Amino acid sequence: MPLLLIPELPAHRACRAVRKRRPGVCVRRIAEPRRQRRGIAVKDTEEDRDLRRIDPLEKMGEAHAIAVPPQEAGLVWFDFDTTGVKPGKYEGRLRVIPLSEPMRKMSLGNYNWNKYEGAMQDLPVKLTVLPIELPKDPVVPGGFYGTAASREMFCEMLAMGAREFQVSTWAFRYDLDADGNLKADPQDYRPYCSDARAVIRDHLRWAGEAGVKIRFFVGYSCYRTFCTIQGLKPGSEKSLRLWPQWVKAVTRFMNAQGVPDSDYALELWDEPKRDTDFELLKETSRLAAEAAPTACRLVTFHYNPWTNEDLDALFPYLNGWIFYDGKFLRESATRYADVFVKISRRGDLFSHYTCSTRMQEDLDREFRQNAWVAEAHGLNGNHIYQIIETAGGAGMPNWKTKQNGGLLYRSFGDFLPSLRSLALRQGVQDVKYLKVLRDVGKDSPEAQAFLKDAAWRVVRNPAGGDRRLADRVRDEAARLILKIQGK
């Protein structure tokens, strides 16, 4: 049976009264459709099977209705912005109308009215706005290995917790002078693949308009990319001679764009292999530390496995660490506990990342829990790969192929969020309640006992486990906040 879904939310109604001898008759319409989205079913496999999955979420059209074909599912997403909304309870409905049911004309005085004869169901939608003000910034700033293509996409990334934006390593190629050294002054910069100046300028302007502070991530894998674009063999004498010059050139370039060393990070290596790269990793990290002692120099570690002794050997040269979530922080956290404590005490950038972002992944474990993992481990960085798939080749789904991991979808020059990106955003909002409780509950034994294991309760929830656990822990935090505040 075909259905029509019509959401109607009182907080966003514009009422038009029809007073043709019928005072009080009111036709209600949604005034803010940009806060309502509908799910789109897209390809879920490249095999010869008709499998689809609802993931991208587009803005509702002018009708604010969704037609659902027989034997299929429809998804409506209510995206509330409670800024300036008074605390209280708000109610609305989602009306489900079978399109195959009849209607008839009925006479009402001098007017004919349509009367619906068939079945219809109103599903209640209830929103409770609590008297709790959450912080504007994320508890742990996020980085999604990408840049925003527009101001609107930038704001969406901010809502997802992003405060770090990528400047591609492929933007930095330098010519050699007569002595065989890099022509590395900022005025000698020539864009290569992308113009880093435009990326930095746009993002700083958008950040200023939004009233937030951001930083930049120069990646991926600076050393290996440097060798590729300069035509050098990794580990060669020439590459090791020019590598510090390239690092200095990039730091001077960033400073010239108004970005101090405290506001960007150089990803020296991305997922180096322990067995084959370790000695070269140490040497290039040492050279980078000498060339840019005040910049953040980080390495992203996948599980190879690395030993505590390996990581200790890199401590003199690195001040930034991003570890693969699944192996380092979920399965082997106790193994690396001493190293993690050392990193935290020194105040280094300490983050985790996950790249399990396909549509088929568990929305709770891989997306909503992302911010909870950072909260549980006391991290100061939160990464997930990647915000949107790159243009060109196999990197960008064109709606004919399935999505391979980008959190947002490309739609010409615009973008669409996904169920995955909004699950990630939900986790970012969750942990803000813990931040507020820490602030107001410093002298509350009950609050301190709750906070001691609140995040760990969520993080230890396995894939396919209790899907409402994060909701309950967040709600417990909210109740404690209100109790302490006497509200």
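Keep in mind that what you see is a predicted model, and the values were worked out from it rather than measured. Just so you know, these numbers use all the heavy atoms, side chains as well, and skip hydrogens, waters and symmetry mates.
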With a 3.5 Å cut-off and no angle check, do the side chains of T294 and D261 form a donor-acceptor pair? yes
Which pairs count as side chain to side chain donor-acceptor pair (under 3.5 Å) when at least one residue sits in residues 122-132, sequence neighbours excluded? R95-D122
Residues R151, D202; criterion salt bridge (Lys or Arg N to Asp or Glu O under 4.0 Å); working and verdict: CA-CA 8 Å; R151 185 183 183 279; D202 289 345; over 6 Å; no
Check P138 against P141 and note the closest heavy-atom contact, atom names and distance. CG-CA, 3.9 Å
Taking side chain as C-beta onward, heavy atoms only, is V129 less than 4.5 Å from K86? no
Given R479 and D475, is the salt bridge (Lys or Arg N to Asp or Glu O under 4.0 Å) satisfied, shown in steps? CA-CA 6 Å; R479 284 193 292 270; D475 292 347; 5.2 Å; no
Where E375 and A455 come nearest, the two heavy atoms and their spacing: CG-CB, 3.6 Å
Going by side chain to side chain donor-acceptor pair (under 3.5 Å), name the pairs with one or both residues in residues 450-460, residues two or more places apart or in two chains. R457-E476
So, R215 side chain and S262 main chain: donor-acceptor pair closer than 3.5 Å or not? yes
Taking side-chain contact (heavy atoms from CB on, under 4.5 Å) as the test, write out the residues that go with A289, two or more places apart. R297, Y317
Closest approach of V459 and A376, non-hydrogen atoms and distance? CG2-CB, 4.0 Å
With no hydrogens and no angle check, is any side-chain donor or acceptor of H203 less than 3.5 Å from a backbone partner on A148? yes
Looking only at heavy atoms, the pair that brings A447 and L480 closest together is CA-CD1, 4.4 Å
For the backbone of D466 and the side chain of N461, can you confirm whether one donor and one acceptor N or O come within less than 3.5 Å of each other? yes
Here the pair of heavy atoms bringing R410 nearest to E389 is NE-O, 2.8 Å
Could you grab the distance from atom CG of L268 to atom OG1 of T300, nearest 0.5 Å is fine? 9.5 Å
Show your working on ring-ring contact (aromatic ring centres under 6.0 Å, His included) between Y145 and Y220 and close with a plain yes or no. CA-CA 9 Å; Y145 301 106; Y220 306 101; 5.8 Å; yes
Are F350 and L298 close enough, and set up right, to give a side chain to side chain contact (heavy atoms under 4.5 Å, CB included), and what steps lead you there? CA-CA 9 Å; F350 183 16; L298 67 86; over 6 Å; no
Would you say that more than 12 heavy atoms from the other residues, nucleotides or ligands in this model lie under 6.0 Å from the NZ of K43, or not? yes
Beyond-backbone contact of V212 with R163, side-chain heavy atoms, under 4.5 angstrom: yes
Kindly determine whether Y264 and F217 satisfy ring-ring contact (aromatic ring centres under 6.0 Å, His included), including the steps that lead there. CA-CA 6 Å; Y264 68 90; F217 172 92; over 10 Å; no
Does a donor on one side chain and an acceptor on the other come within less than 3.5 Å for Q360 and D44? yes
D348 versus N380, closest heavy-atom pair with distance: O-ND2, 2.9 Å
Heavy-atom count check: over 12 atoms from other residues, nucleotides or ligands less than 6.0 Å from R467 CZ? yes
Might you confirm whether atom CZ of R345 has over 12 heavy atoms from other residues, nucleotides or ligands at distances under 6.0 Å? no
Run Q369 and R330 through side chain to side chain donor-acceptor pair (under 3.5 Å) and show every step you take. CA-CA 12 Å; Q369 285 188 28; R330 290 187 186 266; 3.2 Å; yes
With distance as the sole test, does S351 use its side chain to make a donor-acceptor pair with the main-chain N or O of N382 at under 3.5 Å? yes
Restricting to side-chain hydrogen bond (donor to acceptor under 3.5 Å, both in side chains), what partner residues turn up for E446, sequence neighbours left out? K483
Give a yes or no on whether the backbone of H383 and the side-chain of H352 come within a donor-acceptor separation of less than 3.5 Å. no
Quick one: pull up OG1 in T354 and CG in L424 and give me the separation to the nearest 0.5 Å. 10.0 Å
Quick one: are the ring centres of F315 and W321 less than 6.0 Å apart? yes
Whether the side chain of S418 engages the backbone of R420 through a donor-acceptor N/O pair (distance < 3.5 Å, no angle test) should be reported. yes
Ion pair E72/R52, N-O distance below 4.0 Å: yes
Do Q386 and T357 have a side chain donor and acceptor closer than 3.5 Å? no
Ignoring hydrogens and geometry, is there a side-chain-to-backbone donor-acceptor pair from S421 to P417 under 3.5 Å? no
Is there a side-chain contact between D55 and Y409 in this structure, where contact means two heavy atoms from C-beta onward sitting under 4.5 Å apart? yes
Report yes if the distance between the aromatic ring centroids of Y324 and Y353 is under 6.0 Å, otherwise no. yes
Ignoring hydrogens and geometry, is there a side-chain-to-backbone donor-acceptor pair from D310 to T307 under 3.5 Å? yes
First locate atom CZ of R37, then atom CG of D79, and finally report the distance between them rounded to the nearest 0.5 Å. 6.5 Å
Using 0.5 Å steps for rounding, measure from the CE atom of M157 to the CD atom of E164. 9.5 Å
Quick one: side-chain hydrogen bond (donor to acceptor under 3.5 Å, both in side chains) partners of T83, sequence neighbours excluded? D81
Does R474 come within less than 4.0 Å of D430, counting only side-chain N to carboxylate O? yes
Between K432 and L134 (side chain of the first, backbone of the second, donor and acceptor by atom type, cut-off under 3.5 Å), is there such a pair? no
Drop me the distance from M60's CE to W77's CH2, to the nearest 0.5 angstrom. 13.0 Å
With sequence neighbours left out, what residues match F328 under ring pair (Phe, Tyr, Trp, His ring centres under 6.0 Å)? Y303, F323, Y336
Keeping T147 on the side-chain end and F165 on the backbone end, is there a donor-acceptor pair under 3.5 Å? no
